[in-house]
Amino acid sequence: MRGPGQHLPGLSRQLPRPAPRTLLALLLPPAPGAGRDPPWLARYRGLFALALAMALLPWLLPNNFFFGVAILVGLNAIVCVGLNLLIGYAGQISLGHAAFFGLGAYVSAILSAQFGWEPALAMLAGAVVVGLLAFVVARPILRLSGHYLAMATLGLGVIISIVLVHETRLTGGPDGMAVPPLRLLGTEIVGARAWYWLVAGALLIAVWLALNLVDSPLGRALRGLESSEVAAESVAIDTVRTKTRVFVISAVFASVAGSLFAHYSGFLTPAEASFPRSIELVTMVVLGGMASTYGAVVGAAILTVLPQALTVFHDYEQVMLGLILMLTMVFMPKGLVPNLALYLKRRLP
Amino acid sequence: MAEFAQFVFSGITVGAIYALVGLGFSIIYNASRVINFAQGEFVMIGGLTTAMLVERGVPVPLAAAVAIIAAVIAGLALEKLAVEQAREAPVVTLIIITVGASIFLRGLAQVVFDRNYHALAGFSGEAPIHVGGATVVPQTLWVIGTAAALVIALWWFFGRTLLGKAILATSYDSLAAQLVGIGTRALLSLSFGLSAALGAVGGILIAPISLTSHDMGVMLGLKGFAAAVLGGLGSGLGAVAGGLLLGLVEALGAGYVSSSYKDAIAFVIILLVLFLRPTGLFGRRRTERV
Amino acid sequence: MSLLEVSGLSHGFGGVAAIDDLSFAVAEGEVLSVIGPNGAGKTTLFNLITGIYKPARGHILFAGREVGGLAPFALARLGIARTFQNLQIFLAMTAAENVMVGLHRHLDARMLPALFRLPWIARADRRAREEASGLLDFVGLSELGEATADELSYGALKRLEFARALATRPRLLLLDEPAAGLNASETQAIDALIAKVAKSGVTVLLVEHDMKLVMGVSHRILVLDYGRKLAEGSAVDVRSDPQVIAAYLGQAGSSLAQPPSAARRPPAAPPIDVSGEA
């Protein structure tokens, strides 16, 4: 059986050394009475579990199609982890995040396909462009609240989406455009397996960054301002600046994921930036569990895989999808991960 | 000048539909603080059911009545089976439930009907009428007339009847309303039913002008939401004003600037309005006592 | 010098003057209570001082500097902290985290160090946890640090808000009805807390209806009625001012007009008479 890390052009991965005792300690909380974890372990435990799961997954995937699905899950998860910081922690809603994804994708695609930029640099440029745009629109938009904010982000997303469709000279319009493959360290990243490792690595980094942010003064400020903005202001938190920061970082996450998608898929259409895609992303975050980074990953995984799995129902696919969504949210209103965590907390000693 | 009048009529026509959909959003928002993402699907149920029934020989008024009833049933079911079950959930969860409902209803329409486009004949034929320099189809007058009549009826209902005032009271303060004996649960159902009926009527009215299909609700729902927010969420006057304004901006933008960018222009206008008036044109500012 | 000086302050809502040409000063280190009937403008005054409202007319000077109309977070940065009449606790966070948010102004709140968890972030976090623990001890919530705020009792939450406000290391602390909704023993605890805080050098501006608490803990009292100053002075002076009695305290001879007996005096530092000082 070919193991991961071999036969991959220019890419290798360090796996955690499979020493049973250490691995167990990494994955499981200490038994009662066995003392406390060092703080870094408590914080990153889920990250290690995620890394292990992603390292083992290739053994379970029968063919390239499934690797393709896994890659899409990973890319959606990166966007959702960033979006969750905005929706779940800062309590701000964005109904236009697919536009940041699409914009990152198109900037990277256009710069590399039409201007001959090195794809990695084009990706970086995409992140900068999207970050700047998010920064500029954040101030006026984030002054709004609740559904007005939702509408503003929705409007922004639709405007970007329309521009992408109609600037045919640059973007190829609704028929899409071809995108050159990504090159890292001189080698082209092609093939589902190579991309799987790249996206897995990117997702781990994204989750690591998000976990760090949540457990920092900025993260606590975010969670505070979601509960009570007036109280946050009273303890010297500049709520506008804080909201702007998290808006920008969530946009950048989406942009990077979008750029990766563009180079992975080799072809890009404006549908990636559409309003239904934005709704899909928000649904993933809420389904998986808001204010839960792992919830965002779970939500992305489920909503990427579920439509594929539901094709067994043929014409009833959408009916089943809608039904499952409704039932899940009715019975697990906080989202899958938080509700499951609550359930386990009550059942286990 | 004739061109301008043409665009204005076109804008008011589609704006009237946006207004009806927007009113649906506002009524449900007032009753439950929820943004009902399935609102567009009520429009679809109205239009598509009518079209399909008429195709099978059912007379238009009967088909329309059945369509409205179907939409109302869908609305009541959504409220009873989903929204009410998740009463205590955060608002975002409730919104996602309505997203699920919209997917469900679209999928159901696909199965019950089909995925094709269906046309419906105009209620009074297709002979063009000349009004104020513009040439319009009779259906345009149906749309504007019916929408206006409905708006007036709603204004009377919410302003002058006890039931309507009870609904408004519930929207201002649900707990206080309950404490004075208002059955808020029943009113919630009524609000969903009413919104569904409004949406359905909109769908029936617009069906002869634009084609109906199982996914016609997506864009209409989006525009209706935009209209409601533009006018100030929760304000009936706002929904109407927002809808008409949105329709006009779209039509004028398409006519004078660029038809491919008409939606973008409309949303730019919406963003500008929101930046200047953060709670929409007529929206209430929510104050928090500290 | 006065730490806080308010002069000619006026502010209204839709034609109603909530605060009308109000002037007073708070000396550094003193406890000044603001009392008056409901609707007298007490919370409006607080909201003006903490930047939630921008004064229509008049000046607010903090440590000699004009601060009227500054944003709330800027005022907090200058050292003005407050608690709220309607609790504004971060209910989804633990008690310790609530207090740690209060330390925000003293921590590195930048994005990049947070994202990459640069070494000093972790160290500062550890110190922040310790300081939060200390503050929870100070307000008597020692064992409840890891409890989620929505599990705590009302009395505990009022003390938690206290701790969070103290975490900002303020020079001026505004307390908006800290004893509201508390029973007698909880009120005594708050009383002791306020005295402890005042002793540690923090200037306190207090809005309260509980006269026992007010008389026991204040150096001076400011009486408002319909947004105007009715009286200002020591507890003794205010207590016997006929206008104050008529408007608010009740007739002379009632229990509220009597000095608190020794038995009822709370275990706090006795109020220092600073009457005559501006």
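Order of the sequence lines sets the chain letters (A, B, ...), proteins ahead of strands, with each chain counted from 1. Predicted model only: the values in this text are computed from it and were never measured.
Within the 4.5 angstrom heavy-atom criterion, only backbone atoms of C:Asp108 (N, CA, C, O) approach chain A. Neither the backbone nor the side chain of A:Val214 comes within less than 4.5 Å of any heavy atom of chain C. With a 4.5 Å cut-off on non-hydrogen atoms, C:Arg129 touches chain A through its side chain but not through its backbone. Residue C:Thr50 does not touch chain A at all, counting heavy-atom pairs closer than 4.5 Å.
Ranked by non-hydrogen atom pairs under 4.5 Å with chain C, the options A:Leu211, A:Asp215, A:Ile237 are led by A:Ile237. Comparing C:Glu97, C:Glu161, C:Arg110 by how many heavy-atom pairs each has under 4.5 Å with chain A, the most go to C:Glu97. Contacts with chain C were tallied for A:Gly224, A:Ala291, A:Ala210; A:Gly224 has the most, counting heavy-atom pairs under 4.5 Å.
The environment of C:Lys54 atom NZ is sparse: at most 12 non-hydrogen atoms of other residues, nucleotides or ligands sit within 6.0 angstrom. Around the CZ atom of C:Phe13, the shell of radius 6.0 Å holds more than 12 heavy atoms that belong to other residues, nucleotides or ligands. In this structure, A:Tyr343 places its OH atom where only 12 or fewer heavy-atom neighbours from other residues, nucleotides or ligands lie under 6.0 Å away.
The residue from C:Asp125, C:Leu103, C:Val101 that alone fulfils the side-chain contact (heavy atoms from CB on, under 4.5 Å) condition with A:Pro217 is C:Asp125.
Rounding to the nearest 0.5 Å places CZ of C:Phe73 at 13.0 Å from OG of A:Ser234. Rounding to the nearest 0.5 angstrom, the gap separating the CG atom in C:Leu107 from the CZ atom in A:Arg220 is 6.5 Å. Taking OG from A:Ser227 and CG from C:Asn98, the interatomic distance works out to 7.5 Å, rounded to the nearest 0.5 Å. Remark: C:Met93 CE to A:Glu226 CD distance equals 10.0 Å, nearest 0.5 Å. Taken from CG in C:Leu112 to CG in A:Asn212, the straight-line distance is 12.0 Å, to the nearest 0.5 Å. The distance from the CE atom of C:Met111 to the CZ atom of A:Arg245 is 6.5 Å, given to the nearest 0.5 Å.
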Show your reasoning for whether salt bridge (Lys or Arg N to Asp or Glu O under 4.0 Å) applies to A:Asp238 and C:Arg105. CA-CA 10 Å; A:Asp238 184 345; C:Arg105 120 181 210 229; over 6 Å; no
### Query
Going through the checks in order, is the side chain to side chain contact (heavy atoms under 4.5 Å, CB included) test met by A:Leu209 and C:Phe116?
CA-CA 6 Å; A:Leu209 292 174; C:Phe116 294 102; 3.7 Å; yes
- [ ] Please step through side chain to side chain contact (heavy atoms under 4.5 Å, CB included) for the pair A:Ile249 and C:Leu115, ending with a clear verdict.
- [x] CA-CA 10 Å; A:Ile249 199 80; C:Leu115 281 175; 3.5 Å; yes
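Minimum interatomic distance between A:Ala231 and C:Phe90 (heavy atoms only, all atoms of both residues): CB-CE2, 3.7 Å.
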